[in-house]
Amino acid sequence: MKPLTTEIIIDGIRAQDKTILKAIYYTYFPSIKRLIEDNNGSEQDAKDIFQEAIIIIYRKIKAGNLKIHTSFKAYIFAACRKLWLKELLARNENMENLAIFLEYQSTPEINFDEYTKHKQYQLYQKHFKRLEKGCQKTLKLFLDEKSFKEIAKKLGTSYDYIRIKKTRCKEQLIRYIKEDPEYERWKNIDNEGFDR
Amino acid sequence: MKDLIDKYLDGEMTVREQLTFEELLRKDTALRQEYLLRKAIDHALAEQDIMNLRDQLNEIMNVHSTKRLLRPVMLSVSAAILIILVVIGVKFLPPQQTEDGEQLFAHYYQRYPSFLNARSAADVSEQEQLTREAFGYFNHQEFKKAKKHFIELVQSDKNNHLAKFYLAVSCIELSDFFHAERYFEELINTSNHIFWEQSHWYLSLVYLKQEKYDDAKRILKTIVNEQFAYSPDAEEILKQMD
């Protein structure tokens with residue numbers, strides 16, 4: 001058994017180690033839940049915020065730009081506070097009487113790079129999971145840089161069939177995404193280059 | 001428009017077609033928006049690791065919450081009963097100053113969730129099998145049998161902190177506070193394990209239950225000073241004790 005140090009936590013998140021993820025959840029979630037519930041949120045809101053904080057931390061670990069100068073507890077608490085504040089602002093909540101806002105001044109600054117991109121990807125991945133398994137599999141095969149001909153061969157079907165199937169699945173996914181009210185909120189993406 | 005974008009993203013255009021398409025992208029805002037959306041979707045779907053992590057977290061949180069789903073209902077019922085008792089108390093009973101240790105324990109104690117789903121599996125070591133069986137009993141609230149298994153695990157490896165922690169929790173469930181106290185004390189005297197903070201918290205509750213107030217205060221103060229995850233609750237208890 002290893003100690004639950006910041007280093008072990010980071011390694012555990014990087015490796016998606018279920019035991020460490022559970023330990024993080026059981027250890028830190030109660031205070032996050034209290035923070036959210038004390039500031040106009042529900043238990044489900046707390047879970048959503050906690051999950052996104054862990055995923056943002058994972059993204060930062062992967063990108064090699066996670067810098068924790070305090071304890072992990074202080075870091076994740078500040079991260080969740082910031083995420084919840086963003087959510088409240090988006091919901092146009094009256095912030096005046098919320099403890100989270102009053103305490104915000106003393107929150108260590110956490111710069112979530114590409115937060116909008118994170119929210120967009122979350123939306124796309126959520127709807128991808130709604131597609132039937134056959135569609136998920138077809139779209140995933142294309143992401144592995146395989147050509148239509150290779151995929152048709154792998155699935156034992158024709159080039160035309162796989163092309164139609166891919167188009168149908170992708171259009172369905174895009175329809176799901178565009179129908180989601182969250183799409184309008186996060187669609188400000190016209191700031192990227194043309195690289196494929 | 002959509003076909004053109006997909007052809008471009010799938011790398012199925014000739015160099016000349018690509019150049020023409022890129023020129024179109026610069027001029028046509030709607031086409032550019034649609035292109036950026038489709039490109040971003042492709043990138044998002046390539047993040048299989050993020051999707052796996054989200055699935056794992058969902059599973060952990062949902063397993064946990066199903067055990068706790070009854071809490072709001074229970075809390076409402078408890079709140080209603082409490083209000084009735086308070087009304088009766090105010091009217092008919094002499095005032096009581098603070099909660100005693102037993103009441104504090106009853107209010108704050110919550111069984112620590114199980115760490116393992118005890119599915120049986122082939123090709124596992126004897127220790128692993130014993131651990132699975134122990135958690136199987138723990139999950140079914142058969143704490144006597146769970147305790148016996150956890151003791152066996154601790155006896156074969158004194159550094160098995162997972163087993164020792166759940167042994168202590170099983171003791172609490174069996175109202176064996178004497179042994180629960182002993183195991184938690186051993187756990188807080190060894191800091192190199194992931195149940196260190198939790199052991200402090202449960203030890204303080206075990207002290208309260210046994211009305212060892214000075215010991216409870218000492219541990220609760222450590223929880224607050226070290227800013228453990230349980231510090232808000234520890235602070236509340238300390239205020240009530242004062």
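Values below: all heavy atoms of this structure, side chains included; hydrogens, waters and symmetry mates excluded.
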Exercise. If you count the non-hydrogen atoms of other residues, nucleotides and ligands that lie under 6.0 Å from CD in A:Glu132, is the total more than 12?
Worked result: yes

Problem set entry | Pairwise side-chain contact, A:Thr19 with B:Leu162, heavy-atom cut-off 4.5 Å (strictly under) | no

Exercise. Are any side-chain N or O atoms of A:Gln125 and backbone N or O atoms of B:Ala44, one a donor and one an acceptor, separated by less than 3.5 Å?
Worked result: yes

Problem set entry | chain B contact via A:Gln122 - which portion, at a heavy-atom distance below 4.5 Å | both

Seminar exercise, completed: Most heavy-atom pairs under 4.5 Å with chain A, out of B:Glu197, B:Gln48, B:Met51, belong to B:Met51

Problem set entry | Full working for side chain to side chain contact (heavy atoms under 4.5 Å, CB included) between B:Leu53 and A:Leu21 | CA-CA 10 Å; B:Leu53 179 59; A:Leu21 290 174; 3.9 Å; yes

Seminar exercise, completed: Applying a strict 4.5 Å limit to non-hydrogen atoms, the region of A:Ile32 in contact with chain B is neither

Exercise. For A:Leu173, is it the side chain, the backbone, both, or neither that has a heavy atom closer than 4.5 Å to a heavy atom of chain B?
Worked result: side chain

Problem set entry | Test: B:Asp233 and A:Arg34 ion pair at under 4.0 Å | yes

Exercise. What is the distance from atom CD1 of B:Ile50 to atom CD1 of A:Ile56, rounded to the nearest 0.5 Å?
Worked result: 10.0 Å

Problem set entry | Test: B:Asp49 and A:Arg14 ion pair at under 4.0 Å | no

For this session: Might you point out which heavy atoms bring B:Ala40 and A:Tyr121 nearest each other, and give the distance in Å?
Result: O-CE1, 3.7 Å

For this session: Report the C-alpha distance between B:Leu37 and A:Tyr124 in whole Å, list the side-chain angles of each, state the deciding distance to 0.1 Å, and finish with yes or no for side chain to side chain contact (heavy atoms under 4.5 Å, CB included).
Result: CA-CA 10 Å; B:Leu37 171 66; A:Tyr124 306 156; 3.4 Å; yes

Exercise. Can you check whether B:Arg54 reaches A:Lys126 side chain to side chain, under 4.5 Å on heavy atoms?
Worked result: no

Exercise. Hey, are the side chains of B:Ser231 and A:Lys73 touching, using non-hydrogen atoms and a 4.5 Å cut-off?
Worked result: yes

